[in-house]
Protein chains: 2
Amino acid sequence: MAASFLSKHKHIILYGVCLALLLFLLKWLELRLIIINHAFEVYIGAIAVIFTALGIWLALKLTKPKVRTVIVEKEVYIQHEGEFTPNERELQQLGLSNRELEVLQLMAAGLSNQEIAGRLFVSLNTIKTHSSRLFEKMDVKRRTQAVEKAKRLRIIP
Amino acid sequence: MAASFLSKHKHIILYGVCLALLLFLLKWLELRLIIINHAFEVYIGAIAVIFTALGIWLALKLTKPKVRTVIVEKEVYIQHEGEFTPNERELQQLGLSNRELEVLQLMAAGLSNQEIAGRLFVSLNTIKTHSSRLFEKMDVKRRTQAVEKAKRLRIIP
DNA sequence: GCAAAAATCATCCTAAAGTATGAAGCCCGT
DNA sequence: ACGGGCTTCATACTTTAGGATGATTTTTGC
């Protein structure tokens, strides 16, 4: 309590002590040397200068340097790597067969019909048939539309 | 010249004038009222306080308030939904022209070449040319590959 | 002003995608 | 047993996409 009071107001206390000491010194000099009338102005000037310096010092101590905090927002994208869950409701709504979904996924991956056929060990004709059925169920006209819609409905990642 | 000198050192000049005035005042009081012995301490105290205040004022005027800037980086997690920002680095890497990017975006939206042409008020031939250039730059063979790659590289949403 | 890049357009041709139609085999529910 | 859906495959045809080549105009950067 008392320590904290001292700590908080140590500058003001120091100021008071200086003032008291100065007054004591002047009183002492007044008694010892009767030269007040002679150098009165000198003393006043010294006092002024000393306490101006004290004031400056106090000002610098009391005024804390302002701290301006600038918050820079750094955007971090949350990756959905590997955490895709198909929208089962939409899947059921569309009524795609497993094979049709497989073809759709490979379409979205950028494979040509012939490549898809090879991947699934069936003929090109089979892929064309599945595509046709797929477009019908999804009410689209071409593969890019199918892929776009499938991603939008979260049927494929 | 003289004006600039005055302007530069106006605080110091003011300080000097105050000091002179104070000395004059005290001298005048000393002559009129012989009460120096009686209230000497009071005067000294007053002088001290006045010039301390002057000092503080001077300090505040002469020293510019220091402002320390602290930069705090705050990570803001952004869900990929809706707030898409293109990957400029990858875009620059690929060197797509603005028109090529436009065509890519409309491809990804499921439009046919003829539809894209209509949308951009150009001919079908122009779209085919842009597509060709686009596939070349992206090192892909067909639109589905272009779209898949563009999404993967976060060039399009 | 000049060169290069971008944008636009064309022609000719090939490849791939998409449509229509049909058929056969398998599986499951009634 | 039968019907419906799924899977597979075929043929013939049309439409769209993609490639190659070339030209002109506009824009951009030095």
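In the text below, chain A, chain B and the rest are named by the order of the sequence lines, each starting its count at 1.
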If you look at every heavy atom in [X] and [Y], which pair is closest and at what distance?
X        : Y        : result
A:Ala150 : A:Leu104 : CB-CD2, 3.8 Å
B:Pro157 : B:Lys151 : O-NZ, 2.7 Å
B:Ala117 : B:Leu124 : CB-N, 3.9 Å
B:Ile116 : B:Met107 : CD1-N, 3.9 Å

Are any of [X]'s side-chain N or O atoms less than 4.0 Å away from OP1 or OP2 of [N]?
X        : N     : answer
B:Ser97  : C:dA7 : yes
B:Thr129 : C:dT8 : no
B:Thr126 : C:dA7 : no

Nearest whole angstrom, please: distance from the [atom2] of [N] to the [atom1] of [X].
X        : N      : atom1 : atom2 : value
B:Leu94  : C:dA5  : CG    : P     : 17 Å
B:Asn98  : C:dT8  : CG    : P     : 11 Å
B:Leu120 : C:dC9  : CG    : C1'   : 15 Å
B:Leu96  : C:dA7  : CG    : C1'   : 15 Å
A:Asn125 : C:dA20 : CG    : P     : 16 Å
B:Ile127 : C:dA10 : CD1   : P     : 12 Å
B:Arg133 : C:dA7  : CZ    : P     : 10 Å

Between A:Lys149 and A:Met138, is there a donor-acceptor pair closer than 3.5 Å when you use the side chain of the first and the backbone of the second? yes

The side chain of A:Arg142 lies closest to which of these nucleotides: C:dG18, C:dA7, C:dT8? C:dG18

Nearest to the B:Ser123 side chain among C:dT8, C:dT19, C:dC9, which nucleotide is it? C:dC9

Under a 4.0 Å N-O cut-off, is there an ion pair linking B:Lys141 with A:Glu115? no

With distance as the sole criterion, is a donor-acceptor pair present between the side chains of B:Thr126 and B:Ser123 under 3.5 Å? yes

Mind checking whether [X] and [Y] sit in one hydrophobic cluster, side chains of I, L, V, M, F, W, Y counted as touching below 4.5 Å?
X        : Y        : result
A:Leu94  : A:Leu91  : yes
B:Leu106 : A:Val140 : no
B:Leu120 : B:Val147 : yes

Let's see if you get this right: which residues in residues 102-117 of chain B place a heavy atom under 4.0 Å from DNA chain C? none

Distance under 4.0 Å to a non-hydrogen atom of chain B counts as contact; along DNA chain D, which nucleotides mark the start and end? D:dA17 to D:dG19

Considering every strand and a 4.0 Å limit on heavy-atom distances, what is the contact class for B:Ser131: base, sugar-phosphate, or nothing? nothing

Relative to the 5' end of DNA chain C, which residue comes earlier, B:Glu100 or A:Lys141, by the nucleotide with the nearest heavy atom? B:Glu100

For A:Gly95 and for B:Arg143, locate the closest nucleotide of DNA chain D by heavy-atom distance; then report the residue assigned to the nucleotide nearer the 5' terminus. A:Gly95

